[in-house]
Novice: 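Below is a structure I'd like to ask you about.
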Amino acid sequence: MSNFWEDTQYLLSVDFVQSSLIASALLGILSGVMTSLIVLRQMSFSVHATSELALMGASAALLFGLNLGFGAVAGAIVAAIILAMLGFKGQQDSAIGVVMSFGLGLSVLFLHLYPGNSNTAMTLLTGQIVGVSSASVWLLAATTVIIVAAVGFLWRPMLFASADPEMARAAGVPTRAISVAFAVLVGLAAAQSVQIVGSLLVMALLITPGAAAVQITSSPLRAVLWSTIFAEVSAVGGFILSLAPGLPVSVFVTTISFVIYLVCRFIGWRRGKRAIRDEVAAKHFHADNRTAAEAHHAD
């Protein structure tokens, strides 16, 4: 155990590891802001499809010697717009399946044609934050600022359209434009997550923290706050724990996220049980008062 902490402390003093730690913290903020809205809008499946096209863009960039971050962003934005446009007629699930399979097929082709080190290609699937370049960190920082600012600016209409789209549409809220805008934000978030945790495990940061947060609060603002905390703990904690053993960071990120989700589910279950118990007690209280009143009236 002492070697574990000594190795971790030493690695945290290395410059490129510190850059990766900053990337983890940024990813936690980015994911936390988005994940509760993703859960509220029931877009968990579309996040997986978007990550597949982010993988397609990143693998194409890898094949042609371009920046992986920009490739992932381009693929994810294209996927998000396609999903948003194809899913308006009640065919969201089938559209997601079609887009996801198309993107995955192209990704397999690009990775197969890549002549370089196969480990580099594998990191797109499983993630490798230690290998994140300084350019990717700056891209992640810019993406985080854009997403946080956009969510803050569109918060009220986006929340209205997410909670009750029919009522929002009747009230004049541009639900279609908001859906496309939110899909683009999801694409940007997924593209950055692919580089850190890999395309196969994007849901660990873009879905699990939000799913955990809604178990312990019904307030949208508190859900964003809690999901951001959960995403930060998962991303930063997973990164730090992965340093000494040298294992993929995604292993620890997904484990921490899952444990947090289980704890929140237990808290939600306890609260629900207590609420039911209180409701039953209130019914008994009112029934006893009614009986006493009837007896008094009879006297």
Novice: In Å, rounded to the nearest 0.5 Å, how long is the span from CG of Leu53 to CG of Leu104?
Specialist: 9.5 Å
Novice: Would you say the side chains of Ser257 and Thr208 form a donor-acceptor pair under 3.5 Å?
Specialist: no
Novice: Might you work through the side-chain contact (heavy atoms from CB on, under 4.5 Å) test for Phe182 and Ser179, ending with a clear yes or no?
Specialist: CA-CA 5 Å; Phe182 186 74; Ser179 295; 5.9 Å; no
Novice: Can you tell me if Arg222 has over 12 outside heavy atoms packed within less than 6.0 Å of its CZ?
Specialist: no
Novice: Between Ser107 and Phe102, is there a side-chain heavy-atom distance shorter than 4.5 Å?
Specialist: no
Novice: Check whether Tyr114 and Val108 end up in the same hydrophobic cluster, where Ile, Leu, Val, Met, Phe, Trp and Tyr are linked by side-chain heavy atoms less than 4.5 Å apart.
Specialist: no
Novice: Treat each ILVMFWY residue as a node, draw an edge where side-chain heavy atoms are under 4.5 Å apart, and state whether Leu262 and Val233 are in one component.
Specialist: no
Novice: Heavy-atom distance under 4.5 Å between the side chains of Phe239 and Leu21, does that happen here?
Specialist: yes
Novice: Find the distance between CG (Leu30) and OG1 (Thr228) and round it off to the nearest 0.5 Å.
Specialist: 10.0 Å
Novice: Closest approach of Val39 and Ala211, non-hydrogen atoms and distance?
Specialist: CG2-N, 3.6 Å
Novice: Determine the minimum heavy-atom distance between Leu63 and Pro115, stating which atoms define it.
Specialist: CD1-CD, 4.2 Å
Novice: Between Thr175 and Arg169, which heavy-atom pair has the shortest distance, and what is it?
Specialist: OG1-NE, 3.5 Å
Novice: Heavy-atom distance under 4.5 Å between the side chains of Asn3 and Glu6, does that happen here?
Specialist: yes
Novice: Looking at every heavy atom in both Gly103 and Met56, which two are closest together, and how far apart are they?
Specialist: O-CB, 3.7 Å
Novice: Is there a chain of hydrophobic side chains (I, L, V, M, F, W, Y, each step under 4.5 Å between heavy atoms) that links Leu27 to Trp138?
Specialist: no
Novice: How long is the span from the NE2 atom in His112 to the OG atom in Ser59, to the nearest 0.5 Å?
Specialist: 13.0 Å
Novice: Only distances under 3.5 Å count here; give the side-chain donor-acceptor pairs of residues 143-159 to other protein atoms, sequence neighbours excluded, each with its distance to 0.1 Å.
Specialist:
from, atom 1, to, atom 2, distance (Å)
Thr143, OG1, Leu139, O, 2.7
Thr144, OG1, Leu140, O, 2.8

Novice: Check whether Ser227 reaches the backbone of Val224 with its side chain - one donor and one acceptor, N or O, closer than 3.5 Å.
Specialist: yes
Novice: Any chance you could lay out the side-chain contact (heavy atoms from CB on, under 4.5 Å) test for Phe230 and Ile216, step after step, and finish with the verdict?
Specialist: CA-CA 12 Å; Phe230 295 156; Ile216 60 175; 3.8 Å; yes
Novice: Crowded around Phe160 CZ? As in, over 12 foreign heavy atoms under 6.0 Å?
Specialist: yes
Novice: In this structure, would Trp226 and Ile267 fall into the same cluster of hydrophobic residues linked by side-chain contacts under 4.5 Å?
Specialist: yes
Novice: Within the structure provided, determine whether Ser31 and Glu232 are in side-chain contact (heavy-atom separation under 4.5 Å).
Specialist: no
Novice: What do the steps show when you test Asp7 against Leu243 for side-chain contact (heavy atoms from CB on, under 4.5 Å), and what is the final call?
Specialist: CA-CA 8 Å; Asp7 293 344; Leu243 291 175; over 6 Å; no
Novice: So how far is it from Arg270 CZ to Arg265 CZ, rounded to the nearest 0.5 Å?
Specialist: 15.5 Å
Novice: Between Ala213 and Ala223, what is the shortest heavy-atom contact and its length?
Specialist: CB-O, 3.5 Å
Novice: Verify side-chain contact (heavy atoms from CB on, under 4.5 Å) between Gln18 and Leu12, making sure each step is shown before the conclusion.
Specialist: CA-CA 6 Å; Gln18 293 175 354; Leu12 286 174; 5.8 Å; no
Novice: When you measure from the side chain of Ser24 to the backbone of Val236, do you find a donor-acceptor pair of N or O atoms at a distance under 3.5 Å?
Specialist: no
Novice: Quick one: CG on Leu225 to OG on Ser36, what's the gap to the nearest 0.5 Å?
Specialist: 10.0 Å
Novice: Test of understanding: clusters of I, L, V, M, F, W, Y form through side-chain heavy atoms closer than 4.5 Å, transitively. Do Phe266 and Val214 belong to the same one?
Specialist: no
Novice: Would you compute the distance between atom OG1 of Thr8 and atom CH2 of Trp5 and round it to the nearest 0.5 angstrom?
Specialist: 6.5 Å
Novice: Would you say Val253 and Leu205 make side-chain contact, with heavy atoms under 4.5 Å?
Specialist: yes
Novice: So do Ile260 and Ser234 actually touch side chain to side chain, heavy atoms under 4.5 Å?
Specialist: yes
